[in-house]
Amino acid sequence: MSGSQRSLAKGCPAPGPVPEGLIRVYSMRFCPYAQRARLVLAAKGIKHEVVNINLKSKPEWFLEKSPFGVVPSLETSDGKIIYESPIVCDYLDEAYPGKKLTPADPYKKAQEKILLEHFSQVTTAMYKIMFAKKDNQDTTELKAQFFEKFKKLEELLTKKNTPYFGGESLSMIDYMIWPWIERFNIFDVLEYLEKAPRINAWRSLMLQDPVVKDTFTDPEVLSNFIKLYFQDSVDAVDYGLD
């Protein structure tokens with residue numbers, strides 16, 4: 001099912017049981033964490049349905065599907081609930097057949113988790129810039145802090161000397177990182193890609209991936225969404241839908 005249907009909000013009834021042979025992902029069209037799950041679902045060809053949630057006006061029943069009240073969350077046809085994006089993505093990779101996105105080798109798997117920890121410092125710095133911009137604050141120092149973290153990621157990819165963070169081919173870590181790179185424009189850090197040639201080359205490769213293309217959101221649409229979101233528009237999550 002397409003992820004382009006309108007979001008369920010406060011007062012909306014809960015969807016019925018998940019049909020046999022499908023898994024349901026509770027998502028939000030513009031959420032990078034939810035995009036992680038949609039990337040893995042697409043990469044593995046898992047039959048699924050998408051239920052979009054309005055995170056500014058959550059349905060009363062949503063905490064039963066995601067106890068932290070965030071997306072993504074999964075619901076299986078037998079009523080199992082899985083939430084938090086890294087856990088959701090690992091579950092999908094382990095529970096479903098097909099191409100394994102996570103390395104089988106324990107050391108390589110540990111290396112990917114370490115990379116993800118480095119990347120979480122990058123995203124933390126990105127959100128600081130975004131919220132400072134929202135409040136019309138100077139972001140010069142915050143951008144310098146971001147670049148220090150981002151530079152470390154560039155050094156790690158240079159040291160690996162592979163086209164992808166996961167090695168010679170796309171793997172889980174690449175899909176875990178991608179959603180924030182796609183959103184560099186709304187975080188106002190697009191200029192830093194030119195200072196990170198290895199990551200910039202990786203970005204070019206990722207943009208050619210059919211799975212990335214399938215979940216990609218146009219930068220202008222993202223920009224317009226975030227403007228509405230920061231104006232506390234309850235309708236921001238459905239921006240661009242007829």
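This is a predicted model, so every value here is computed, not measured.
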**Q.** Exercise: identify the closest heavy-atom pair between Lys47 and Gly21
**A.** CB-O, 3.8 Å
Q: Taking the side chain as every heavy atom from C-beta outward, state whether Leu22 and His48 have any atom pair closer than 4.5 Å.
A: no
**Q.** salt bridge (Lys or Arg N to Asp or Glu O under 4.0 Å) evaluation trace for Lys143 with Asp188
**A.** CA-CA 9 Å; Lys143 284 187 173 183; Asp188 197 27; 2.8 Å; yes
Q.
Does either side chain, that of Asp209 or that of Trp178, offer a donor lying less than 3.5 Å from an acceptor on the other one?
A. no
Q. Can Val237 be reached from Phe216 by stepping across I, L, V, M, F, W or Y side chains whose heavy atoms are under 4.5 Å apart?
A. yes
(Q) With rounding to the nearest 0.5 angstrom, report the OG to CD1 distance, Ser66 to Ile53. (A) 9.0 Å
Q | Side chain proximity check, Ile82 to Ile87, heavy atoms < 4.5 angstrom | A | yes
Q) If two hydrophobic side chains count as joined below 4.5 Å and joins carry through other members, does Tyr33 share a cluster with Phe30? A) yes
Q. Would you say Asn52 and Arg6 make side-chain contact, with heavy atoms under 4.5 Å?
A. no
Q. Is there a donor-acceptor contact under 3.5 Å from the side chain of Lys100 to the main chain of Asp93?
A. yes
Q. If we only count heavy atoms from C-beta on, is the Lys109 to Thr102 side-chain gap below 4.5 Å?
A. yes
Q. Quick one: does Leu153's side chain get under 4.5 Å of Glu155's, heavy atoms only?
A. no
Q | Distance, nearest 0.5 Å, that separates CE of Met126 from CD of Gln121 | A | 14.0 Å
Q: Walk me through it: do Tyr96 and Leu41 pass the test side chain to side chain contact (heavy atoms under 4.5 Å, CB included)?
A: CA-CA 10 Å; Tyr96 287 85; Leu41 285 161; over 6 Å; no
Q) Take atom NZ in Lys58; do more than 12 heavy atoms of anything else shown fall under 6.0 Å from it? A) yes
Q.
Atom CD of residue position Glu20 - does it have more than 12 heavy atoms of other residues, nucleotides or ligands inside 6.0 Å?
A. no
**Q.** Leu156 side, atom CG; Gln111 side, atom CD - distance, nearest 0.5 Å
**A.** 9.0 Å
Q. Would Val18 end up clustered with Tyr26 when hydrophobic side chains under 4.5 Å apart are linked, directly or stepwise?
A. no
Q: Would you check if there is a donor-acceptor pair between the side chains of Thr162 and Glu168 at a distance under 3.5 Å?
A: no
**Q.** Distance (rounded to the nearest 0.5 Å) between Glu191 CD and Phe147 CZ
**A.** 9.5 Å
**Q.** Flag side-chain contact, heavy atom, 4.5 Å: Leu115 against Met176
**A.** no
Q: For side chain to side chain contact (heavy atoms under 4.5 Å, CB included), just list the numbers for Val122 and Trp180, CA-CA rounded to whole Å, side-chain angles, deciding distance to a tenth of an Å, and then say yes or no.
A: CA-CA 9 Å; Val122 173; Trp180 284 266; over 6 Å; no
Q. Does atom NZ of Lys133 have more than 12 heavy-atom neighbours, drawn from other residues, nucleotides or ligands, at distances under 6.0 Å?
A. no
Q) Taking the six-membered ring for Trp, are Tyr239 and Phe225 ring centroids under 6.0 Å apart? A) no
Q | Closest non-hydrogen atom pair between Val71 and Ala34, with its separation | A | CG2-CB, 4.0 Å
Q) Just by distance, with hydrogens left out, do Ser223 and Asn185 show a side-chain donor and acceptor under 3.5 Å apart? A) yes
Q.
Contact between Phe150 and Leu193 at the side-chain level, heavy atoms closer than 4.5 Å - yes or no?
A. yes
Q) Side chain of Lys134, backbone of Phe230: donor and acceptor closer than 3.5 Å? A) no
Q. With no hydrogens and no angle check, do the side chains of Thr76 and Asp78 hold a donor and an acceptor under 3.5 Å apart?
A. yes
Q.
Is the distance from the ring center of Tyr175 to that of Tyr164 below 6.0 Å?
A. no
(Q) Ring centres under 6.0 Å, that's the criterion: do Phe187 and Tyr127 meet it? (A) yes
Q.
When you measure from the centre of the six-membered ring of Phe165, is the NZ or CZ of Lys160 closer than 6.0 Å and no more than 45° off the axis?
A. no
Q: Please go through Tyr83's hydrophobic cluster and name the other residues, only I, L, V, M, F, W, Y counting, with side-chain heavy atoms under 4.5 Å joining them.
A: Phe68, Val70, Ile81
Q. Quick one: does Glu182's side chain have a donor or acceptor within less than 3.5 Å of a partner on Thr217's backbone?
A. yes
Q | Ser73 (side chain) donor-acceptor with Lys65 (main chain) under 3.5 angstrom | A | yes
Q: Count the heavy atoms belonging to other residues, nucleotides or ligands that lie under 6.0 Å from NZ of Lys113, then report whether that count exceeds 12.
A: no
Q: Would you mind reporting whether Arg183 and Ile226 have side-chain heavy atoms less than 4.5 Å apart?
A: no
Q: Please answer: with hydrophobic residues joined when any side-chain heavy atoms are less than 4.5 Å apart, are Leu205 and Val211 in the same cluster?
A: yes
Q: Determine, stepwise, if the pair Phe146 / Thr139 fulfils side chain to side chain contact (heavy atoms under 4.5 Å, CB included).
A: CA-CA 10 Å; Phe146 159 80; Thr139 58; over 6 Å; no
**Q.** Euclidean distance, Leu39 CG relative to Ile177 CD1, rounded to 0.5 Å
**A.** 12.0 Å
Q.
If we ignore hydrogens and angles and just use 3.5 Å, is the side chain of Lys99 paired with the main-chain N or O of Ala43 as donor and acceptor?
A. no
Q. Which atoms form the tightest heavy-atom contact between Glu154 and Arg198, and what is the distance?
A. OE2-N, 2.9 Å
Q. What's the shortest heavy-atom distance between Trp61 and Pro13, and which atoms?
A. NE1-C, 3.3 Å
Q | Gap between atom CD of Gln35 and atom OG of Ser27 - 0.5 Å precision | A | 9.0 Å
(Q) Is it the case that the side chain of Ser233 and the backbone of Asp235 share a donor-acceptor pair, with hydrogens and angles ignored and the cut-off at 3.5 Å? (A) yes
Q.
I'd like to know if the side chain of Glu75 and the backbone of Ile23 have a donor-acceptor N/O pair within less than 3.5 Å.
A. no
Q. Taking all non-hydrogen atoms of both residues, which atom of Met206 and which atom of Val212 are closest, and how far apart?
A. O-CB, 3.2 Å
Q: Ignoring hydrogens and angles, tell me if any N or O in the side chain of Asp135 forms a donor-acceptor pair with the backbone of Gln137 under 3.5 Å.
A: no
Q: Please confirm whether the backbone N or O of Ser120 pairs with a side-chain atom of Thr123, one donor and one acceptor, at under 3.5 Å?
A: yes
Q.
Taking Leu222 as the starting point, is it possible to reach Leu228 by hopping between hydrophobic residues whose side chains are less than 4.5 Å apart?
A. yes
(Q) side chain to side chain contact (heavy atoms under 4.5 Å, CB included) for Tyr192 and Lys151? Distances and angles first, verdict last. (A) CA-CA 9 Å; Tyr192 293 98; Lys151 200 161 56 175; over 6 Å; no
Q) What are the two closest heavy atoms between Ser85 and Arg36, and how far apart are they? A) OG-NH1, 2.9 Å
Q.
Other residues, nucleotides and ligands only: do more than 12 of their heavy atoms fall within 6.0 Å of NZ on Lys108?
A. no
